[in-house]
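Because only heavy atoms are used, hydrogens play no part in the values below, and waters and symmetry mates are left out as well, while side chains stay in. Naming: A, B, ... by sequence-line order, numbering from 1 per chain.
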2 protein chains.
Amino acid sequence: MTRVVCAQLAPVIGDLSANAGTSTAAVEAAAADGADLIVLPELVTSGYVFSSAAEARSLAIPPGSPLLADWGRAAGNATVVGGFCEAGDDGRVYNSAAVVDRSGVLAVYRKTHLWDAEGTAFSPGTAAPPVVETAAGRVGVLICYDMEFPEMTRGLALAGADVLAVPTNWPLMPRPDGERPGEVVTAMAAARANRVYLACCDRTGVERGQSWTEGTSIVDPDGWVLATAGPGVASIAVDVDLGAARRKTISDVNDVLADRRTDVYRQF
Amino acid sequence: MTRVVCAQLAPVIGDLSANAGTSTAAVEAAAADGADLIVLPELVTSGYVFSSAAEARSLAIPPGSPLLADWGRAAGNATVVGGFCEAGDDGRVYNSAAVVDRSGVLAVYRKTHLWDAEGTAFSPGTAAPPVVETAAGRVGVLICYDMEFPEMTRGLALAGADVLAVPTNWPLMPRPDGERPGEVVTAMAAARANRVYLACCDRTGVERGQSWTEGTSIVDPDGWVLATAGPGVASIAVDVDLGAARRKTISDVNDVLADRRTDVYRQF
């Protein structure tokens, strides 16, 4: 079994040092609890609601930053996927996620679908998200609004991901009584369409007037929510058989990936 | 406003005459209630659980059948989308849906993704589903398992559909207490990913030991269920502004279709 942990943290806007401490401590605690895969929120190093592009740039760190290496060291045998404000080697600033273990940074993904005002602070990424072979299985990475595009979840499943690790900052939106957040509905549908796990790690706290959904959720390949956080909950953990994501059959003859009809899709 | 009605009928396996009567009466009743778009279940003319390919063939009708024309006549000003067992002009048998109004058959779509044993009775379709300009708006058509493929719902949205009419026969599957059927979760996610309406018309009754989900649901472009049927409910109706499906914006700068990154998707 693989223990998946999402740490629904509350980063402090602008305080790199405090956020490094909070996130590294959360990784350490999850590892002590037996975690194999630890997901942290989007932009957990910096906070999210920047007052200007200059503020975002001032908080950007390169993938070689000691902060990310510290996550890997704190993780023990686990793999960490966490969001950070990236100072790109091309001089641009990206909303990125790093996949890290004790050996160092395994991959960096730059968010390609930017939400709302993010475009004023960040350049969009131009590369498809990776599927990383880790000690915890094959981990695909998306960031927040990326997940809303079925092309992305499908693409990662076709590329062999067992689990999609999704650092997010979901701004709180109205929803009907009794309904799950819309983003969680999307995660459930993506899971069942592709028979993969999703581990979406939202944040908590109120930042410059912005509240968050606090909807951190881990979803299984049948599309059911195994665990969900809710307001104020600091972390969730589940033990899953990641191998289930490699079985795509759903009846005697049906297979959710093999049944695709690309000959038909090309006609749209 | 557009009134959308889904008639969750119980066709009788093998009884073309009885099913013609039941379905035409349901269309007539919906029209009398002010319906603009009426959706009927998959294979409502024939029933679903065939004992053999020969039985399916014996129940197949061509698109020129008086039965489909009768739906159109009974519909008044409304448009009907209903499933039928099609005798193709190529000698094959298809699991199809017709779009019909008082002027006749506007389009026929042949299910492309066949579920479980369907392949023994039906040939899969080879053409993308249509988006039909109707008096009730732009109607895209899918049949049951087709909807589970995000390529299909996305494709119809890109082709301009306001509403996806989905005749279905959802076999009853286990689900956790308090959860909606997985197919409804998928419909909700497809609606919000594409900002379209979905009108999924399931069936009721027990046929040769097979029970159905009875999960008929109409979903809005925010992904919320406007109405859902449940066991034994004969029909649901909602009045919607189909124009809402032509507004794809979800923030000051975001648009669910314009934000697609085909340059990235091509890299998978």
Side-chain angles (χ1 to χ4, degrees), chain A residues 112-120 124-129 145-146 148-159 171 173-176 178-180 182-194 222-225 250-254 256 259-268, chain B residues 112-120 124-129 145-146 148-159 171 173-176 178-180 182-194 222-225 250-254 256 259-268:
Chain A
T112 46
H113 303 82
L114 298 182
W115 173 254
D116 205 25
E118 288 174 31
T120 62
T126 56
Y145 185 44
D146 285 328
E148 304 288 336
F149 295 81
E151 294 89 347
M152 297 292 272
T153 44
R154 179 69 103 198
L156 286 171
L158 288 169
M173 305 276 193
R175 61 181 190 266
E179 296 288 358
R180 295 184 188 280
E183 296 89 343
V184 176
V185 172
T186 291
M188 295 167 74
R192 69 189 295 274
N194 297 293
D222 290 327
W224 306 124
V225 175
I250 52 171
S251 79
D252 287 347
V253 301
N254 293 104
V256 296
D259 287 350
R260 294 172 70 241
R261 290 289 303 277
T262 53
D263 61 316
V264 171
Y265 311 153
R266 273 195 295 270
Q267 299 170 37
F268 282 117
Chain B
T112 46
H113 303 82
L114 298 183
W115 173 254
D116 205 26
E118 289 175 30
T120 62
T126 56
Y145 185 44
D146 285 329
E148 304 287 335
F149 295 81
E151 294 89 346
M152 296 293 271
T153 45
R154 180 67 105 198
L156 287 171
L158 289 169
M173 304 275 194
R175 61 182 190 265
E179 296 288 358
R180 296 185 186 279
E183 296 90 341
V184 176
V185 172
T186 292
M188 294 168 73
R192 70 188 295 274
N194 297 293
D222 290 328
W224 306 123
V225 175
I250 53 170
S251 81
D252 286 347
V253 301
N254 293 105
V256 295
D259 287 350
R260 295 171 69 240
R261 290 289 303 276
T262 54
D263 60 317
V264 171
Y265 311 152
R266 273 193 295 270
Q267 299 171 37
F268 282 116

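Between chain B and the residues P129(A), A190(A), G178(A), the largest count of heavy-atom pairs under 4.5 Å involves P129(A). The residue among H113(A), M188(A), E183(A) with the most heavy atom pairs within less than 4.5 Å of chain B is H113(A). Most heavy-atom pairs under 4.5 Å with chain B: of the set G223(A), A127(A), A193(A), A159(A), this distinction falls to A127(A). Counting heavy-atom pairs closer than 4.5 Å to chain B, the top residue among R175(A), M173(A), R180(A) is R180(A). Ranking V253(B), T186(B), D116(B) against chain A, the residue ahead of the rest is D116(B), based on heavy-atom pairs under 4.5 Å. Ranking V256(A), T153(A), D263(A) against chain B, the residue ahead of the rest is V256(A), based on heavy-atom pairs under 4.5 Å. Taking N194(B), L156(B), D222(B) one by one and counting their heavy-atom pairs under 4.5 Å with chain A, the maximum is reached by L156(B). Each of G182(B), A117(B), A189(B), G119(B) has some count of heavy-atom pairs under 4.5 Å with chain A, and the biggest count is that of G182(B). The choice from T262(A), V225(A), T112(A), D252(A) that makes the most heavy-atom pairs within less than 4.5 Å of chain B is T112(A).
Note that the CD atom of E151(B) and the CG atom of L158(B) stand 12.0 Å from one another [nearest 0.5 Å].
At least one donor-acceptor pair closer than 3.5 Å links the side chain of Q267(A) to the backbone N or O of T126(B).
Between W115(B) and I250(A) the shortest side-chain heavy-atom distance falls below 4.5 Å. Looking at heavy atoms from C-beta onward, V264(B) lies in side-chain contact with M152(A) at the 4.5 angstrom threshold.
Of the two parts of L114(B), only the backbone, made up of N, CA, C and O, holds a non-hydrogen atom closer than 4.5 Å to a non-hydrogen atom of chain A. The parts of R261(B) that come within reach of chain A are both its backbone and its side chain, each placing non-hydrogen atoms under 4.5 angstrom from that chain. For Y265(B), the part lying under 4.5 angstrom from a heavy atom of chain A is the side chain only. Proximity to chain A involves both the backbone and the side chain of R260(B), based on heavy atoms less than 4.5 angstrom apart.
The two residues P174(A) and W224(B) have their closest heavy-atom pair at O-CZ2, 4.4 Å.
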